[in-house]
Amino acid sequence: MRLNEEEQMILAGKSGPVPQQALKHQMLVGDFFGAEDFVAVTQAHIMADTESLGEAGVGWLEGLAATAEGQRRVRIPTITDPRGTDFSKAEFLGQTAAMIDLERRAIAAFVKLGVVMTDTCINYQTIQAPTRNEHVAFGDTGVVIYSNSVCGARSNFEGGPSALAAGLTGRTPRYGFHLPEQRRATLRLRVDFTPRSLNEWGALGGVIGRIAGNYWAVPVIEGIEAPPGSDQFKHFGAAMASFGSIALFHLVGHTPEAGKLTNVAPAGLISRRIARADIDALQQSYRKDDRVDVVVFSAPQLSLFELRELAGLCAGRRFAVPLLAVTSPQVKPDCDRMGYTASIEDAGGTVLSGMCFYQSYAREIAEAKGWKRLATNSAKLVNILGGYGYQPMLASMEGCVDAAVSGRLA
Amino acid sequence: MSSDARVYRSRQAMGRSVRGLALVAHDGFSARYDLDRIAGIFSRPAHKLAGQSYVGRILVLDTAKGGVATAWMLHEMKARGVVPLALVFNSVNPILAQGAALGDVPMLAGFDENITAAIPNGAEVEIDPVRHTLTLLDQGPVR
């Protein structure tokens with residue numbers, strides 16, 4: 001990779017060993033993908049739950065954090081994805097003291113590195129959305145696909161180590177979706193219906209993700225009548241990224257780079273049709289049982305508007321099985337203040353903050369709580385949890401709340 | 001190496017040379033979605049390698065799937081010795097490359113042919129990231 005003067009100084013260790021190590025890591029990745037140089041980034045977002053980090057990862061972070069003050073802090077605003085717990089609810093979740101200790105150690109290390117502990121995967125709704133053409137280094141696939149597609153920003157999937165490296169150096173290798181030519185559509189899809197509910201938006205994202213199939217594919221989608229709202233885009237993109245590892249889509253007429261099809265699609269791109277039956281089939285494929293052990297709203301964390309809707313559905317109900325609603329630390333105080341938390345918890349539910357269900361030792365929670373059959377309105381969550389030993393089922397928010405009352409999914 | 005050893009060239013490569021037995025499937029890969037990382041097996045029921053151990057094997061798969069956790073998880077799996085020996089993919093996303101870099105797991109990606117069809121499951125292979133090559137040394141068990 002071609003390095004400018006500042007990058008050569010970092011590589012030579014003039015800024016200390018932590019940025020030096022970070023730049024070396026970035027050069028390995030950049031060389032792998034043929035990046036010619038670095039691009040400056042304005043924000044970084046780190047996915048670093050301790051289930052992923054393990055003892056090894058936390059020890060690695062603590063090693064960086066032990067470096068002398070003045071040589072270890074991030075250079076740009078660097079924030080965090082959800083943690084592995086909500087400390088106030090860890091006992092309820094059946095999480096062990098060892099898990100909580102690991103979380104506390106990771107947080108202490110991040111704070112020493114200058115990282116801002118926002119603990120959210122909806123930073124584009126709660127912290128600061130990136131702007132069009134802004135180069136950023138974001139982790140969490142749902143954050144990246146939303147930022148690229150809906151905001152028109154430029155990011156690759158930056159895993160925790162690389163996002164931290166970007167925070168420490170203020171740059172990232174220029175490859176992938178930082179390059180205009182990589183943002184052109186590679187497949188064209190026509191949808192002959194507009195999803196109604198969040199689970200339908202997620203299911204459509206899942207169908208498209210499966211068709212697209214790999215990170216370098218860029219779907220352009222036609223046929224959506226009205227502009228989706230932020231929560232609809234959120235579930236649509238998060239599922240597409242989860243099912244297909246997709247980082248960018250274009251919605252003709254509704255996303256900033258695709259005012260017209262020809263703005264993003266080469267001539268002659270063959271169109272493939274997606275019908276309502278396709279999303280019905282995806283949802284039905286998860287319905288192996290009608291009994292439910294737990295209902296979870298998470299992945300991505302819920303916005304204030306989602307919690308408002310959920311609270312309305314919970315009012316006056318009494319749950320037979322646990323219902324969990326997970327949001328960000330930024331939204332939770334408003335959820336409390338507006339009375340939404342009380343509505344959900346008076347019915348027997350639990351509102352959690354700063355975590356995400358699948359990033360919080362989901363396998364161990366299943367064993368501790370005896371939860372296997374899980375209902376959710378998140379297509380992303382059903383895609384992930386099969387590998388954790390759950391039998392996840394996808395349904396509407398209304399259907400999931402009804403299932404919490406009766407113990408059965410209609 | 002037998003005289004009929006076949007060599008495949010990758011466009012992308014990282015890490016050091018290793019030799020071992022290939023575990024092959026035309027399927028995706030995500031450490032979070034697909035693995036029981038404690039038991040060292042593929043755990044997602046729908047995965048074509050469900051129930052099989054990946055420990056010490058050269059994984060030959062189609063493409064990277066899912067989220068960003070693999071970037072940390074390869075490092076964590078390496079520390080416990082419950083990690084593939086190397087990764088060979090038709091295509092990878094940045095997360096696998098970032099994870100392989102942190103976890104020091106050799107990796108090749110991008111071939112002219114479908115590498116999951118070219119390499120038999122159980123074959124003995126050698127990968128050389130410096131030369132960007134995968135060498136099929138032995139076809140493995142006859143099926």
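Throughout, protein chains are lettered first and strands after them, A, B, ... in sequence-line order, and every chain is numbered starting at 1. Small disclaimer: the values here were computed from a predicted structure and weren't measured.
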* **Interface residue of largest heavy-atom contact number with chain B, from A:Ile384, A:Leu28, A:Asn214, under 4.5 Å** => A:Ile384
* side chain to side chain donor-acceptor pair (under 3.5 Å): which pairs involve residues 38-47 of chain B, sequence neighbours left out? -> B:Asp34-B:Arg44
* **Contacting region of A:Ala165 [heavy-atom separation from chain B under 4.5 Å]** => neither
* Give, as side chain, backbone, both or neither, the part of B:Ile38 having an atom under 4.5 angstrom from any heavy atom of chain A. => neither
* To do: Identify which part of A:Leu61 has an atom lying under 4.5 Å from any heavy atom of chain B, answering side chain, backbone, both or neither.
  => side chain
* To do: Under the side chain to side chain contact (heavy atoms under 4.5 Å, CB included) rule, collect the residues that match up with A:Asp31, sequence neighbours excluded.
  => A:Met1
* Tell me, for A:Glu158 versus chain B, whether the close heavy atoms (under 4.5 Å) come from the side chain, the backbone, both or neither. => both
* Looking at B:Pro94 and A:Phe157, what are the two nearest heavy atoms and their distance? -> CB-O, 3.5 Å
* What part of B:Ala69 lies closer than 4.5 angstrom to a heavy atom of chain A: side chain, backbone, both or neither? -> both
* Thinking salt bridges, do B:Arg80 and A:Glu55 make one under a 4.0 Å N-O criterion? -> no
* A:Glu36 atom CD, neighbour heavy-atom count above 12 within 6.0 Å -> no
* Below 4.5 Å from any heavy atom of chain B, which atoms of A:Tyr388 appear? Answer side chain, backbone, both or neither. => side chain
* **Interchain contact, A:Asp49 with chain B, by part (heavy-atom threshold 4.5 Å)** => side chain
* Quick one: are A:Arg363 and B:Asp36 in side-chain contact, heavy atoms under 4.5 Å? -> yes
* Among B:Thr70, B:Val92, B:Asp62, single out the residue with the greatest number of heavy-atom pairs under 4.5 Å to chain A. => B:Val92
* To do: Using non-hydrogen atoms and a 4.5 Å limit, figure out which bit of B:Ala97 sits close to chain A: side chain, backbone, both or neither.
  => both
* Structure fact -> Note: A:Ala56 and B:Glu76 closest approach over all heavy atoms is CB-CA, 4.2 Å
* **Residue pair A:Trp60 / B:His75: nearest heavy atoms and the distance that separates them** => CB-CE1, 4.0 Å
* Relative to chain B, which of A:Gly159, A:Gly387, A:Ser52, A:Gly54 shows the most heavy atom pairs under 4.5 Å? -> A:Ser52
* Under 4.5 Å, counting heavy-atom pairs only, tell me which of A:Gly213, A:Ser162, A:Ser245, A:Pro161 racks up the most with chain B. => A:Pro161
* To do: For residues B:Gln98 and A:His25, report the shortest heavy-atom separation together with the two atoms involved.
  => O-CE1, 3.5 Å
* Asked: Does A:Trp216 reach the main-chain N or O of B:Asn93 with its side chain, forming a donor-acceptor pair under 3.5 Å?
  -> no
* To do: Measure A:Asn156 against the heavy atoms of chain B and call it side chain, backbone, both or neither at under 4.5 Å.
  => side chain
* Do A:Tyr215 and B:Thr63 have a side chain donor and acceptor closer than 3.5 Å? -> no
* Pairwise distance CZ(A:Arg210) to NZ(B:Lys65) - rounded to 0.5 angstrom -> 9.0 Å
* Would you give the length of the straight line joining atom CH2 of B:Trp72 to atom CD1 of A:Ile46, rounded to the nearest 0.5 angstrom? => 7.5 Å
* Asked: For the atom pair CD (B:Gln12) and CZ (A:Phe32), what is the distance rounded to the nearest 0.5 Å?
  -> 4.5 Å
